[in-house]
2 protein chains.
Amino acid sequence: MRTVEKALKLLDFFDERHPVIGLSALARMSGIDKATVLRMLGDMAAAGLVEQDPASREWRLGAGILRLSRLREAAFPATGVLNPILARLAEATGEPAHASLRAGRDLGTIGVVESARSNRVYIEPGLMLPLHATASGVAYTAFARPELRAEVLARPLAAFTGATPTDGATLSARLEEARALGYACADQTFEDEVFGIAMPLFGPDGFACGALAVATPVARLTPDLQARVLAALAGAAREATQGMGGHVPDHHRIAA
Amino acid sequence: MRTVEKALKLLDFFDERHPVIGLSALARMSGIDKATVLRMLGDMAAAGLVEQDPASREWRLGAGILRLSRLREAAFPATGVLNPILARLAEATGEPAHASLRAGRDLGTIGVVESARSNRVYIEPGLMLPLHATASGVAYTAFARPELRAEVLARPLAAFTGATPTDGATLSARLEEARALGYACADQTFEDEVFGIAMPLFGPDGFACGALAVATPVARLTPDLQARVLAALAGAAREATQGMGGHVPDHHRIAA
DNA sequence: CCTGTCGGTTCATTATATACACCAGTGTTT
DNA sequence: AAACACTGGTGTATATAATGAACCGACAGG
């Protein structure tokens, strides 16, 4: 594997449960030799992607990421546009809403607004959403560039729950359904007890660049709630696409 | 040079003036062969650090950065804490305020709040602030870990204006002055006509981890304005340090 | 038609990354 | 106290992965 790719994969070991990681632990997690990991961390630290706590000698994501993030937001506003839309969406539906954009192979969650309820789905910040196993992923893939659809179908499809589509035929049917409806649903395909409803966000080229989604506990899902969510999502997704400078293609129609 | 380091240096060519860059242009700017740059971009795209516009084939910073940024903010809130403080600081002083944190060799600007005035200093988003040539850099370096001070003094000091301190003795005096005063001033040492006033932000270990600064056009700087800025900065910096979980060391006293 | 530039690919050469062994420091357990 | 199991970090021979010149097809302008 390419060295740069390997080094950057180290970043993926940092998440909500592992905000700081020691050298040996990171080497163990990644299966890469300690000496190599250390050199990679040093290189990434020089770019500000990671930084080392001088006291504990543990590593964490670096402030350079915040700088790059600001830089990207200045050129292509996404977070700034999406957050207020997510807030209204969560308010209107009473369930947490989240937005994700293509980042590498999968969708990276870049915005989450929780709902006020106590029993609600928890969406981890920065969670990666697999394209075949989430409502967002299916909604995105269905309206992404055709090459991507073929590529996703060719990949091995990991099972996250018993309901995860793991064969190309099933996934292909889901994608067709999403294209017909204009949105995608995921009934516990990624996490048990969680039902996801998602609509694509479009880029300037008329192809999907991400998704907007609402997640509810299956126990609370009623036809009425689903209808309300869809109505709110449709407006929110259109607004989000326009706000980011995207273009909703003519063929994209929401079943009302 | 290490391959990973070289690859990540490519990210630094993206700024406000160059939000998207083509392959050949990036190769030219970096002095690295086209083929190598392409492979590096591919690896970084797999991690979501960059992405390619499918239409124009040009490259830009990727959405994965937004994801990582959220992840870091969830673990170590900085932007979220600093922005409201910056807003109040800009409001109180009438001049733009900015915050920066250590990112690699220099300070990376991670938050800027402009003032309402028409004639004001413009701070580019994501700008890197050299440690020896800016008020923020001097304030940070003066209160950073001693090893860092030695390292900075050992580096060659680039001149940005005629007033930039380029020899160790001058810089060393500036650092001593900053340590005595508790803040640093920069009279056109980075940009002509710009006067910067900065105070350090402290980490949990009692050493500086960044800086909070106000920039004014030299023409407008009066003793009165400087006093107002210093008063506002002192409160803001203390608040910011505490908000990020840092610890203001006992020896750090602000001359009132 | 010629020319310059673009993004991208190929492949022999070589420079770079790798992993083993090792070191020093620290905290636990015996 | 002594042995042990960790930790973060270093040095170096070996092998792997990075490199860059040449090349390709496409496109734009003169």
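A note on names: the letters A, B, ... follow the listed sequences, proteins ahead of strands, and every chain is numbered from 1.
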For this session: Answer yes if the ring centres of A:H18 and A:F13 are under 6.0 angstrom apart, and no otherwise.
Result: no
Seminar exercise, completed: On DNA chain D, more 5' by nearest nucleotide between A:A25 and A:K6 is A:A25
Exercise. Given that B:I32 and A:S24 both sit by DNA chain D, which one's nearest nucleotide is further toward the 5' end?
Worked result: A:S24
For this session: Check if the side chain of B:K34 and the base of C:dG8 share a donor-acceptor pair of N or O atoms closer than 3.5 Å.
Result: yes
Problem set entry | Pair A:D43 + B:K6: basic N to acidic O under 4.0 Å | no
Quick one: [X] [atom1] to [N] [atom2], roughly how many Å, whole number?
X: A:D33; N: C:dT16; atom1: CG; atom2: C1'; answer: 16 Å
X: B:L26; N: C:dC6; atom1: CG; atom2: P; answer: 12 Å
X: B:D43; N: D:dA18; atom1: CG; atom2: P; answer: 7 Å
X: B:Q52; N: C:dG8; atom1: CD; atom2: C1'; answer: 10 Å
X: B:R57; N: D:dC27; atom1: CZ; atom2: P; answer: 11 Å
X: A:L10; N: C:dT18; atom1: CG; atom2: P; answer: 10 Å
X: A:R28; N: D:dA5; atom1: CZ; atom2: P; answer: 15 Å
X: B:R39; N: D:dA18; atom1: CZ; atom2: P; answer: 5 Å

Problem set entry | A:T36 side-chain proximity, nearest of C:dG8, D:dA18, C:dT18 | C:dT18
For this session: Output the single nucleotide from C:dT10, D:dA17, D:dG8 whose closest atom is nearest the side chain of A:T3.
Result: D:dA17
For this session: Quick one: sort the B:F160 and B:H132 rings into parallel, tilted or perpendicular, breaks at 30° and 60°.
Result: tilted
For this session: Mind checking the OG1-CG spacing from A:T79 to B:L66? Nearest 0.5 Å is all I need.
Result: 4.5 Å
